[in-house]
Amino acid sequence: MDDNGRRKFLGICLGGMAAGLAAAFLYPVYRYLAPRTNSGAVAKVVIPEKDVLEGEAKFFEFAGSSAVLVRKKGGELVALSAVCTHLGCIVQWEKDKQDFICPCHGGHYTPDGVVTAGPPPRPLAKLPFSVANGAITVG
Amino acid sequence: MKLLKRLIDWIDVRIGVREVAEKELTGYLLPRTINVWYSMGSVLLVIFGIQVLSGILLLIYYVPDADNAFKSVTSIMNDVPFGWLIRMCHAVGSNMMVLVLLLHMFSVLFMGSYKSPREFNWLSGFILFTMVQGISLTGYLLPWSQLSFWATTVATNSANAIPVAGPYLVEFLRGSKLVGPPTLGRFFALHVALIPLGMAALIGAHLFFLKRTGVSTPPFGQADSTNQWKGGSYQYEDHPGGIPFFPNYALEDLRSVFIYLALFLAVVFFDPYLFFPKDAFLPANPLVTPAHIKPEWYFLANYQTLKIFPNELIGLSVQAVAMTFLALLPFIDRGRERHPLKRPLFLVCAIGGLLLWLGLSVWGHYS
């Protein structure tokens, strides 16, 4: 084998090793960067019933996102995702108007999460909850 | 292949890449007697790249706050998938960088490559060496372990020996009277921003000087091993009839890089805690100083020198003189001969200095 042949062989071997090594390190780096499942997420959230007064809303973290409990005038409870369905901003509760407003682009929702004005394409997602012994369990 | 050629053609007619490749790669000729020691610079570039990459990855989970730093490092090691691998690569890599840098410097010393007209190459390399020491020292504090905390306390306290300004200098370095949260803040900024940027700039300057002066010819295997530089006017040291950088020497570089990676990964996978004393696994406690706190292996000689001299100022001054002598070596050693065996005074001093450094390090380790 002449010099150039040997050099080419060495180049292919080293290049192949470099590619193999890069691939072997890409997986750990991907796993290192990938979001961890359930990181920061809480499966169930328990909130004392007395913390949600009539006509008011209580915001809290749920399943790695933001959620809200509303006690409507009349006492009915609603649990909703607080993430606006337009571009993902967090909605705010307007106590005087008894509705939600998204501060980003002015989307409006009823206390049940139904869109009344603005660009949101869908209502706010409803969350399952139960009430027992003076505690509201969401999730 | 046809598609690749068309793509290169497309780029070439716009920015003339073939001309650049011809000038910088295939037409860039190196001496035929070039040896493996010339590839240490490339290995160091790869190490610097790995350090930057693993450092950026660590920044994603590391919290530079005294209350959370240790917890975040523990979480990287135990909770984050492959976090241990990224951190071990960074920690082991920092030690390996110092080791390869020392080999690079020794080879330049022994082959007389620091001599005129390469004063700039040597000086920029020497400043890079001190910056590597600086980035290692500042990075040492970041895990906020007992080892980090007390090693930094001892290291910063050395400045106390400087007359008049010493105590203020120590406080300035720490950002407070004792090592504490302000120290972590400033060491973090130095470690992740200021020193790496400075190093990148100096690496650029180092390579620029190398390109402008040309690669030196090894003094071995030739009848006349004296410095051929005449002085007086700028002269690029070319090597007509030499070997092209690409593919010939690039492959030699790559071979050295792989030998390095084999050693590096052997430590990472088989002895990852080689450079970790047990105090590195305990969170910093400002009220409890562990016994026998020691710096990293490459600072052991400095540590022992400070212990030998009864006066700290003398110990510091001796080190300052030694470092200044080394930095100014190309201006002190004006001899034309480059072959180490034909420079007996140099050889005695270099080997003596190396043995002294090794002896002090071993003494420091066991003292």
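Here is the naming used below: chain letters follow the sequence lines, and residue numbers restart at 1 for every chain. Values below: all heavy atoms of this structure, side chains included; hydrogens, waters and symmetry mates excluded.
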**Request:** Sort out for me which of B:Leu85, B:Val80, B:Ile86, B:Asn248 touches chain A most, counting heavy-atom pairs under 4.5 Å.
**Result:** B:Asn248
**Prompt:** Quick one: is the NZ or CZ of A:Lys44 closer than 6.0 Å to the six-membered ring centre of A:Phe62, and within 45° of its axis?
**Reply:** no
**Prompt:** chain A heavy atoms under 4.5 Å from B:Ile60: which part of the residue, side chain, backbone, both or neither?
**Reply:** side chain
**Request:** Using the six-membered ring wherever Trp is involved, compare the ring planes of B:Phe245 and B:Tyr249 and label them parallel, tilted or perpendicular (cut-offs 30° and 60°).
**Result:** tilted
**Item:** Point-to-point distance, once rounded to the nearest 0.5 Å, from CZ of A:Phe60 to OG of A:Ser66
**Value:** 9.5 Å
**Prompt:** Does a salt bridge link A:Lys72 with A:Glu54, judged by any charged N lying under 4.0 Å from a carboxylate O?
**Reply:** no
**Engaged part of B:Leu53 at the chain A interface, taking heavy atoms whose separation is under 4.5 Å** = neither
**Fill in**
Heavy atoms of B:Ile47 and B:Gly93 approach each other most closely as CG2-O, 3.9 Å
**Message:** Heavy-atom pairs under 4.5 Å with chain B: which of A:Gly11, A:Pro28, A:Ala18, A:Gly15 has the most?
**Reply:** A:Pro28
**Message:** Counting only non-hydrogen atoms closer than 4.5 Å, does B:Leu57 touch chain A with its backbone (N, CA, C, O), its side chain (CB onward), both, or neither?
**Reply:** both
